[in-house]
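Here is the structure we will look at.
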Amino acid sequence: MGMMVVARRVEAATDAVRYEFGFDDRFDRVLTIDPTTLQAGVEDGDFDSAASAITAKIVNLWRSSGEFPPRAIFAS
């Protein structure tokens with residue numbers, strides 16, 4: 001079965017970039033990425049496959065453009 005995870009950037013500070021994310025436009029979780037180390041964590045502490053997939057998508061977009069994207073979608 002496929003998975004679609006959607007994220008939208010809600011904050012882009014110098015020390016952390018925050019995204020709300022979830023399945024099918026339900027933005028019910030928060031992801032934080034350190035822009036210096038690219039280490040990521042989620043507020044609820046459950047770094048599951050959805051969090052991992054959207055983090056990889058965001059970091060890949062950052063690597064290709066040099067900026068954290070305002071939105072990201074992972075679909076499999």
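Keep in mind that what you see is a predicted model, and the values were worked out from it rather than measured. Throughout, numbering of the chain's residues begins at 1 and tracks the sequence.
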Is there a side-chain contact between V10 and F27 in this structure, where contact means two heavy atoms from C-beta onward sitting under 4.5 Å apart? no

In Å, rounded to the nearest 0.5 Å, how long is the span from CD of E11 to CD of E20? 11.0 Å

Counting heavy atoms not belonging to R26, are there more than 12 under 6.0 Å from its CZ? no

Would a distance-only check, ignoring hydrogens and angles, find a side-chain to backbone donor-acceptor pair under 3.5 Å from R9 to F68? yes

Write down the atom of M3, the atom of A53, and the distance for their closest heavy-atom approach. CE-CB, 4.1 Å

Give the C-alpha distance, both sets of side-chain angles, the deciding distance and a yes or no for side chain to side chain contact (heavy atoms under 4.5 Å, CB included) between Y19 and I58. CA-CA 10 Å; Y19 286 86; I58 291 167; 3.7 Å; yes

Do the side chains of I54 and R29 get nearer than 4.5 Å, heavy atoms only? no

If we only count heavy atoms from C-beta on, is the F47 to L31 side-chain gap below 4.5 Å? yes

Determine whether F23 and V5 make a side-chain contact, defined as any pair of heavy atoms from C-beta on separated by less than 4.5 Å. yes

Take I73 and F21 through the test side chain to side chain contact (heavy atoms under 4.5 Å, CB included) and record every step on the way to the result. CA-CA 9 Å; I73 298 173; F21 76 101; over 6 Å; no

Give the minimum heavy-atom separation between L38 and V59, together with the two atoms involved. CD1-CG1, 4.0 Å

Minimum heavy-atom distance between D28 and G22, given as atom pair plus value: OD1-CA, 3.8 Å

Tell me, with the steps shown, if V17 and W62 meet side chain to side chain contact (heavy atoms under 4.5 Å, CB included). CA-CA 11 Å; V17 180; W62 172 81; over 6 Å; no

Work out which heavy atom in P35 is nearest to a heavy atom in A13; give both atom names and the distance. CG-O, 4.3 Å

